[in-house]
Amino acid sequence: MSNEENHIDKLLADWLAGNAKEKDKEAIKQWAAESEENLALLENLKDVWSEKSPEPILVNAEEKIHEMWEAGMQETESNKTLWKAVWRYAAAILLLISVSGSLYFYMESSDPEPTVVAHSNYVIRENPSGQKTKLFLPDGSVAYLNSSSRIKFIQGFSGNERRILLSGEAYFEVAKNKEKPFVVESQGLETVALGTAFNVNAYPGQDELSVSLVEGKVEIRQLGNQGDRLILSPGREASLIQSTNEVLERSFDPMAIIGWKDGKLVFSNAAFDQVKIKLERWFGVKIEVRGDIPQDWHVSTIYEGQNLKNILTDLQYAKNFAYEIKGDNITIRF
């Protein structure tokens with residue numbers, strides 16, 4: 001790609017991200033006026049970029065680039081030249097944005113706090129509350145990272161295993177590799193898989209940690225206690241109760257456990273505290289409660305594509321409370 005193309009990519013990236021200065025906007029206008037191809041490319045690129053996914057899941061740059069390229073290759077032969085240009089620019093621009101505004105942080109293994117370094121051993125991917133991310137891992141596995149969650153892994157999965165350090169919740173679709181086990185370490189639990197799909201819920205501070213197997217087979221073991229191991233079959237879940245150090249095995253409702261990765265906010269006989277925590281993580285807000293919470297509060301429902309106001313209004317009718325929204329701060333009064 002020429003220096004001129006690189007410059008245009010950068011200008012378009014700033015423009016699409018809403019960060020373009022007036023002189024940059026003028027430069028884009030001049031570039032678009034140079035040819036009908038440039039003008040058509042600009043309009044099509046704007047349309048492509050404005051498309052919205054129905055799922056509240058953000059994808060990483062690698063996947064978005066792949067989707068853009070695949071979509072471009074499906075265009076008709078008559079528009080092939082133009083659309084190749086559109087997708088090339090879209091991919092290049094997304095890559096620029098992902099590099100400049102990435103959620104990746106790098107750190108030396110000897111430093112406990114994330115720092116930016118030129119050469120690092122670990123990659124950390126972290127979501128704030130209100131954000132969910134779908135990631136492609138170095139081995140071809142896919143990880144759906146829930147809000148307020150973080151994973152850490154060695155660059156390229158070098159070594160004799162593929163180890164993920166998880167804080168929070170994630171769903172994994174593991175690429176098969178019998179020679180290199182896939183291990184998720186989460187708050188005292190290790191989940192070992194060769195090729196499977198499973199969910200791990202291990203937020204800091206919660207008493208119950210769970211591993212829910214959707215397909216394949218996993219082995220669950222407690223760190224520091226190699227004698228006790230549990231093999232899960234599909235549809236089964238292992239939960240560690242940290243206060244009693246007890247491990248329970250049971251069946252689970254797939255929708256209740258993994259609906260979040262498909263944009264479904266699921267409450268299954270949920271107490272108020274569970275509803276509050278989920279809403280805070282899902283929407284990135286802080287909820288303050290005033291008054292006495294009813295002892296009989298339990299909610300079983302599914303929300304999809306609903307904003308916070310709609311959800312609170314719906315719950316309000318059933319549970320008789322008042323609420324007030326001020327930015328990211330919510331007050332609920334009983």
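Predicted model, so just to flag it, every value in this text is computed and none were measured.
At distances below 3.5 Å, at least one donor-acceptor pair connects side-chain atoms of Glu280 with backbone N or O atoms of Ile287. With Asp139 contributing its side chain and Ser141 its backbone, the two residues share a donor-acceptor pair below 3.5 Å. Here the side chain of Lys278 pairs a donor or acceptor atom with the backbone of Val266 at under 3.5 angstrom.
In this view, Arg281 satisfies the side-chain hydrogen bond (donor to acceptor under 3.5 Å, both in side chains) rule with no residue, not counting sequence neighbours. Residues that satisfy the side-chain hydrogen bond (donor to acceptor under 3.5 Å, both in side chains) test with Arg333, not counting sequence neighbours, are absent from this structure. With sequence neighbours left out, Ser158 forms a side chain to side chain contact (heavy atoms under 4.5 Å, CB included) with Ile154. Residues forming a side chain to side chain contact (heavy atoms under 4.5 Å, CB included) with Ser300 (at least two apart in sequence, or on another chain): Asn269. In this view, Ala202 and Ser186, Gln187, Val200, Leu209 satisfy the side chain to side chain contact (heavy atoms under 4.5 Å, CB included) rule, not counting sequence neighbours. Annotation: side-chain hydrogen bond (donor to acceptor under 3.5 Å, both in side chains) contacts of Gln274 (sequence neighbours excluded): none. Residues satisfying the side-chain hydrogen bond (donor to acceptor under 3.5 Å, both in side chains) criterion with Asn199, sequence neighbours excluded, are Glu169, Trp260. Residues satisfying the side chain to side chain contact (heavy atoms under 4.5 Å, CB included) criterion with Asn160, sequence neighbours excluded, are absent altogether.
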Show me the side-chain donor-acceptor pairs of residues 310-327 shorter than 3.5 Å, one per line, residues at least two apart or across chains.
residue: Asn310; atom: ND2; partner: Gln306; partner atom: OE1; Å: 3.1
residue: Asn310; atom: ND2; partner: Asn307; partner atom: OD1; Å: 3.4
residue: Thr313; atom: OG1; partner: Lys309; partner atom: O; Å: 2.9
residue: Thr313; atom: OG1; partner: Tyr323; partner atom: OH; Å: 2.6
residue: Asp314; atom: OD2; partner: Tyr303; partner atom: OH; Å: 2.5
residue: Gln316; atom: NE2; partner: Phe321; partner atom: O; Å: 3.0
residue: Lys319; atom: NZ; partner: His298; partner atom: O; Å: 3.2

Pair up each side-chain donor or acceptor in residues 250-259 with any protein partner under 3.5 Å, not counting sequence neighbours, and list the distances.
residue: Arg250; atom: NE; partner: Glu237; partner atom: OE1; Å: 3.0
residue: Arg250; atom: NH2; partner: Glu208; partner atom: OE2; Å: 2.3
residue: Arg250; atom: NH2; partner: Glu237; partner atom: OE1; Å: 3.4
residue: Arg250; atom: NH2; partner: Ser239; partner atom: OG; Å: 2.9
residue: Asp253; atom: OD1; partner: Met255; partner atom: N; Å: 3.2

Between side-chain atoms of residues 170-184 and protein atoms elsewhere (two or more places apart, or another chain), which donor-acceptor pairs fall under 3.5 Å?
residue: Asn177; atom: OD1; partner: Glu179; partner atom: N; Å: 3.1
residue: Asn177; atom: OD1; partner: Lys180; partner atom: N; Å: 3.3
residue: Lys180; atom: NZ; partner: Phe157; partner atom: O; Å: 2.3
residue: Lys180; atom: NZ; partner: Gly159; partner atom: O; Å: 3.2

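Among residues at least two apart or in separate chains, there is no salt bridge (Lys or Arg N to Asp or Glu O under 4.0 Å) pair with a member in residues 192-206.
Contact check for Leu165 versus Ile124: no side-chain heavy atoms found under the 4.5 Å cut-off.
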